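Here the structure is laid out as structure tokens; the discussion comes afterwards.
Here the structure is a predicted model, which means the values were calculated and not measured. The analysis underlying the following values was restricted to heavy atoms, covering all of them including side chains, and did not include hydrogens, waters or symmetry mates.
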Amino acid sequence: MSVTEMFSYIQGFLSADQDVREDIRKVVQTLEQTAREILTVLQSVHQPSGFKEIPSKCAKVRELFCTVRTQIADLKTKFPMEQYYRFHEHWRFVLQRLAFLAAFVVYLESEALVTREEVAQILGIEVVREKGFHLDVEDYLAGVLIMASELSRLAVNSVTAGDYTRPLRISNFINELDSGFRLLNLKNDPLRKRYDGLKYDVKKIEEVVYDLSIRGLAKEQESAVEK
Amino acid sequence: MSVTEMFSYIQGFLSADQDVREDIRKVVQTLEQTAREILTVLQSVHQPSGFKEIPSKCAKVRELFCTVRTQIADLKTKFPMEQYYRFHEHWRFVLQRLAFLAAFVVYLESEALVTREEVAQILGIEVVREKGFHLDVEDYLAGVLIMASELSRLAVNSVTAGDYTRPLRISNFINELDSGFRLLNLKNDPLRKRYDGLKYDVKKIEEVVYDLSIRGLAKEQESAVEK
Amino acid sequence: MSVTEMFSYIQGFLSADQDVREDIRKVVQTLEQTAREILTVLQSVHQPSGFKEIPSKCAKVRELFCTVRTQIADLKTKFPMEQYYRFHEHWRFVLQRLAFLAAFVVYLESEALVTREEVAQILGIEVVREKGFHLDVEDYLAGVLIMASELSRLAVNSVTAGDYTRPLRISNFINELDSGFRLLNLKNDPLRKRYDGLKYDVKKIEEVVYDLSIRGLAKEQESAVEK
Amino acid sequence: MSVTEMFSYIQGFLSADQDVREDIRKVVQTLEQTAREILTVLQSVHQPSGFKEIPSKCAKVRELFCTVRTQIADLKTKFPMEQYYRFHEHWRFVLQRLAFLAAFVVYLESEALVTREEVAQILGIEVVREKGFHLDVEDYLAGVLIMASELSRLAVNSVTAGDYTRPLRISNFINELDSGFRLLNLKNDPLRKRYDGLKYDVKKIEEVVYDLSIRGLAKEQESAVEK
Amino acid sequence: MSVTEMFSYIQGFLSADQDVREDIRKVVQTLEQTAREILTVLQSVHQPSGFKEIPSKCAKVRELFCTVRTQIADLKTKFPMEQYYRFHEHWRFVLQRLAFLAAFVVYLESEALVTREEVAQILGIEVVREKGFHLDVEDYLAGVLIMASELSRLAVNSVTAGDYTRPLRISNFINELDSGFRLLNLKNDPLRKRYDGLKYDVKKIEEVVYDLSIRGLAKEQESAVEK
Amino acid sequence: MSVTEMFSYIQGFLSADQDVREDIRKVVQTLEQTAREILTVLQSVHQPSGFKEIPSKCAKVRELFCTVRTQIADLKTKFPMEQYYRFHEHWRFVLQRLAFLAAFVVYLESEALVTREEVAQILGIEVVREKGFHLDVEDYLAGVLIMASELSRLAVNSVTAGDYTRPLRISNFINELDSGFRLLNLKNDPLRKRYDGLKYDVKKIEEVVYDLSIRGLAKEQESAVEK
Amino acid sequence: VQERDGSANSSSPVIAAFKVFQQELDTKHDKYERLVKLSRDVTIESKRTIFLLHRVTSVTDPEAILKEAEVKLEGVRQKIGQIAEELRGEDIHQFHRAFTPGIQEFVEAVSFLHYIQHRSLISLEEINARLVFMRAEKGSAEDLPPGAQVLTFQVTPSDYLLGVADLTGELMRMCISSVGNGDIDTPFQLSQFLRQIHDGFSFIGNTGPYEVSKKLHTLRQSLGKVEDACYALKVRGSEIPKHMLADVFSSRSALIDPEEGVI
Amino acid sequence: VQERDGSANSSSPVIAAFKVFQQELDTKHDKYERLVKLSRDVTIESKRTIFLLHRVTSVTDPEAILKEAEVKLEGVRQKIGQIAEELRGEDIHQFHRAFTPGIQEFVEAVSFLHYIQHRSLISLEEINARLVFMRAEKGSAEDLPPGAQVLTFQVTPSDYLLGVADLTGELMRMCISSVGNGDIDTPFQLSQFLRQIHDGFSFIGNTGPYEVSKKLHTLRQSLGKVEDACYALKVRGSEIPKHMLADVFSSRSALIDPEEGVI
Ligand SMILES: [Mn+2]
Ligand SMILES: [Mn+2]
């Protein structure tokens, strides 16, 4: 084989790789678009009027996740599944955003922490790497931490909207999350950095609860509800 | 599953990942050591006295590649093969160095361009990803480009050692390489940058050939050899 | 001695240094793990239910400090003591965390500022550098400042838990700390930066006290206690 | 002990530390001044006229090293010797420059590689850490690498000054140095980076030797000398 | 003049400059020490017990300003007065702190805004650049802004100490200040940033006043005083 | 129009912009491919055998420029012509390469400097911005400078191929170019940097001419030709 | 005398060509410099207008200030007219980097004024509609066809977005000082408006120009500050029955009036 | 109507004081802006002078170019005069950041011209001596005492050093083109001169301003390029007897003359 033949042959490899990346990039762009649409729907919960509409908004989001699943299904066809990590960087960012959105919608519906399994199911992907396109544990955790910071905003805005009991529930939830994270031996930098931000969210929510309790607002509303 | 349980479970994943990386790092260190030893042996060809010893040096290097194969065999046991690209960064640098050393020794032996298959065989690895630990085409090409710059040095030192025909052969070889690379549609940055360096090597070697021909040295020796 | 011999000899030095660092890193990891466990125990004081359990939590923490002492004893065996500052960066971070945890537990037990001597004793190390592995004054101060910020959180959460007198005591304590720090001629950057954070803690706690006094809550409870 | 007393006591520690650093900084400034003077003397060897004056310049430099020894002796009095690494950063830079200057002057005098022992002796310090203020092996190596780059300049300027044999001797010397460094398992970043620069020096000097040999200049002069 | 002479000559300039800066730095350190002492005296006004002692504290501070004047007199001797801005950075920070302290003491004495002329007089310096060491308008304004933030703290602590009328007076004062600052066209410089902080002080004080009014506390006390 | 409508409207702009850029990028890729093909054809002139084939190679290149014109015609349809500079960065690089290739082929054919008008004609574009897709003067000049460096290589390789008169002609040509560039007031921009490279090309060619003159090779051949 | 270059050597076609290049390049560079200077002027005057507008929240007769701001912005508009004059017949993107800082600051100022007057976001079209200039050349005006007398300047969507992103910082400042002035409606209005802008930007996300993504963080911070301010108002106001809230503020004003000594 | 601020409220001493501050700050800021603009002009014209001077190595009658450069620099000098006018009575360090880029570029240009004319380094004093301006005010001139008519501008040692550091880059370019023009003396002269400057800077080392230390690396690179050029000349020249070297170059010129077709 001459040098020229050898290089023509190599060019084949390189072109194929570039084509794959190009394909992936395109699908990822559509995913990002859908993720942004979901975000826009969910962000309305921060508006005073948005609190009553949580159920309808969640329903709307659940529908949009159908689109996400279709798009991810499309993504899966673009590369051999065993090479997940070769192209990981392309979808890592959007996958974390989607994990956050799934976690947020589940929280709004049930006030519970979404499991990795649930996120995987919502996105139509796997938990175990061997079974196919999956959700890396780091990406799941990153999504959860993004939600934590959204929840601290929600605690503040709940009060503005006159809902004085939600912050207490958020506070308990976030504290539990914090304990969970303290079990982890985080090394990898971006996750560690995000986790450091959680401390501020915890503190912020505690101050909201404080403001409510010193004015007797939390209890007041609770007993009003009880009656 | 409680939040705490969930996080303990996740902690398992993270620790395992860190252990794997630690193991890989250690084996890669031994590989780097061997690569440095091979380089030291091959460096001697730049010495005036080194030209006659090329065959014996190459033999010595071939032996050291046995050690490399053992070490890479060890490396393969440290992680699930399908996750090659997850840990690629750990061995990419040393693999390119080894590809360079393999290419260099083959050139010294036969003045031919090593194929990817040959490099893979010398290192005891695969060419096709599906078959196991393999040599990425980019890493092979990076190795070839490092060799090109070593050859421009060799052209210079050949003249110092009084060998006036070698530079011409190197010049032809490098020109062929350059044409080969021009066939490639390089996008990815580090390789492209390395390839830009090739232009300087081509130019340098042309200047050596120029120096020889303006003094009539190249022809002179050639005809001496012919006689 | 030839150049080669000289460099082989030097390589010995370098390898030894790298081995020491590797050993230190491993022990420091176990220390970080224990520090995180202690933190988890102490974090519960921020929970409404946690206030009554302070004594039992403190006892638990005291036990965990036994582990810390063992681990630090292990750390001491890893390098010649006179080279403390050569490797200081490796344990500085965790030592400051441990100083904070010691200071916090002492505060919870006695509402007094831990002395450097006490911290050293809790960690099983020295105060005076000449005597062995010691606690640098800067690291002690850093630990104290981390505690100050934890106390401002505690003041907020005390109110939530219905304890209206603790914030006043914390306020006095923090004010005294602030005066103490104002005696220091701080030059070195990281400590100075942390100290700037103390101002916010002072202000935050003053606002808590303000909230209590404008509502007559502080006095009320106090007189209730007196009766 | 009240908080105020405690902090006054701590302020004592901090002031002492700051005073020590201030003292060290002043002596280091005088050392830098002398190092710059030595450099100015040695740089004249690059001037065409400077080649003949090498012996007298070296003598001058040897005298200036007396001043260096006095200044280092002064430096030693400024801090407890066991805290060498606590303040290492203050003198590390100048010590590497001085090691370079010592290596350069020894090379100019004898064309040999200075040993760590010799550098230590020229600077009036120790090799072994336990004996007192010493020369760290990394700092010695850094000095040697700075010299290598100065020698590649010297090879170029020797030719300009009409001395065609010196580049060959420099080439051999640098090659030996390069082999030496290849024995080392360099991890620490700044030294590794400096060593990467050595490759360019080697290449540069080889090209000088090439230019001389293709014109028969090296041999010509050598034989002239022999006669 | 040869190149060498020229550089020696310039080196003279540079050394002289460094010496001047060194001298300035030392005096500035003593100034910072005194400023910290003044601050410690004034900080006591935030304590419940401190309110009655305001006159005696102010007297004490006035004495300490004598020391400041002596130290600034010393500072003036360290450099040619026309080069004020060459070295401005060295004392800018402490001068702003001193302007703040002067403004604070004047406010405590008379509840009026100190003029630039008064600050200058208290510090023993000039207002007009041409007359000598002077107080830049930006530095005066920075000092005033630091005081504003101290006053918002004072408003909070007044309530704690049971003084319900002071916050209203502070509120009016700060509002007037705010109107003043709105007249200025600030660039995106440090002063602009500080001024942004003023808005938070205004807001904080407004909230205190608001808290007092909804409880009728302000009026109550006022009428009590009137009676 | 509500804020939401406004942002949707803007989003429209942005999406359209991205689509245009994507389209441009694709056409530019085909242009780059053709440019590489032209380069490969022209590179053969550096080979000893290539000198005689210059006319046929030039003819081949002229044909390839037809493809270029078609591709540029396609490019023109991708965006509104008045927004040339908005997307300039996308094709700037390849346009400079094409200007170089046009300049090189014209030089090989006629040993004259291509004019901007000719380049524009060869590429099927305009010279004047108002008339449509045009060739910026900076891009034309950049192309000319790339050619200059190619010519210095050609001068070296001409000698190797035994053509001793070409270097002289190149030398005159390059000197004239250099004089031309000296007329320009270049900013510290990429063109300035490239122009600095021209000085090295001039120097290199000058050295070749010098090498020929001291050996009387240039004259010799010339007179041989004359005879 | 032998001459290898230089002015005398004008017979060389190369040199002749390069003399043309020289002029073309110099002309372009000079124009660029003039645009940079105009942009700096636009920036400074826009910033001053913004400062002026912040005064509006604390005076009872804001009309005078709004009038003054309009006058200032008319001055800025004239400067932009000069920019447009420089760009006449040029491709504006060629010189965009020279004047983009000024234009962004102008968008910030003009949209701030618009918000204060209309409590809504000014659109890109509205801004561009104001940047139509009539050429006032002496004498020659009547000779020209009517179309040639009109000069327009088009703010790009990017510059508009970047200006609006900075506007949010000013709105945050305005919110904080409204609270400080006892104004309890403005903060809630502002928080809704800012949330809409924020949601708009996050809808655009990373599809916009790179500089916009960079500013998203600051925008989030500003929104957070405004949300916190509304929260604090709500929490404090919660301690008394809602209908008394306005009374409290008006009575507070009444309370402090005598002490102010003005009016 | 209640008024909590604003123009009407001028009886307040605080407001009155702040109106004074406003004017003081605006005046200072405006002056700063004018200085920035002057500095940009100085930079551009200095750069053009440097470019012009590079032509000197390739023409036989350099006097015309030197004359032209002097005229250009006189223009720059006038601009610096305007800077000095702005700084009259001010502490120049207060506005130093506004004009330092222009002054450094001026030092570069003026020292380049000086090297070409005198083959030596212009001193700081010589530069400053040229920056003395006579005030040419109409009418009022005779009323002023003689001293008041003289205005000086003092380049700081830092700016001088930074300008000279950049000069070395231009000298390197000049060296390379000298070789390209067959001039074999200039490179050797330049290498000695550059080495002296380099040694001077390394003598100053890190005691100078921070920006100088940053430029040391580029300076070393320039020196390396010049030393390499001298080396190449020497090595190639070694192949023939030294006394023939000049001949080779002149004969080469002779050789190519006919082909050039000019003179
Ligand atoms: Mn703004
Ligand atoms: Mn320059």
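- Surrounding NZ of Lys131(B) are at most 12 heavy atoms belonging to other residues, nucleotides or ligands under 6.0 Å away.
- To the nearest 0.5 Å, atom OG1 of residue Thr4(B) and atom CZ of residue Arg182(A) are 10.5 Å apart.
- Using a 4.5 Å cut-off between heavy atoms, Tyr140(B) touches chain A through its side chain atoms alone.
- Rounding to the nearest 0.5 Å gives a distance of 8.5 Å between CZ of Arg86(B) and NE2 of His88(A).
- A cation-pi arrangement is not found for Arg116(B) relative to Tyr9(A), the charged atom failing to lie both closer than 6.0 Å to the ring centre and inside a 45° cone about the ring normal.
- When all heavy atoms of Leu183(B) and Phe7(A) are compared, the pair lying nearest together is CD1-CB, 4.1 Å.
- Nearest approach of Val3(B) to Gly180(A), heavy atoms of both residues: CG1-CA, 4.5 Å.
- Side-chain contact between Leu14(A) and Leu141(B) is present, with heavy atoms from C-beta onward closer than 4.5 Å.
- Within a 6.0 Å radius of CD in Gln121(A), other residues, nucleotides and ligands contribute 12 heavy atoms or fewer.
- Taking CZ from Phe13(B) and CD from Glu138(A), the interatomic distance works out to 10.0 Å, rounded to the nearest 0.5 Å.
- Neither the backbone nor the side chain of Ser179(B) comes within contact range of chain A; no heavy atom of the residue lies under 4.5 Å from a heavy atom of that chain.
- Distance alone, capped at 3.5 Å, is enough to place a donor-acceptor pair between the Gln18(A) side chain and the Asn185(B) backbone.
- Annotation: maximal heavy-atom pairing with chain A below 4.5 Å, among Gln83(B), Met81(B), Glu176(B), occurs at Gln83(B).
- With a 4.5 angstrom heavy-atom cutoff, Asp136(A) touches chain B only via side-chain atoms.
- Using a 4.5 Å cut-off on side-chain heavy atoms (C-beta onward), Val144(A) and Met6(B) make no contact.
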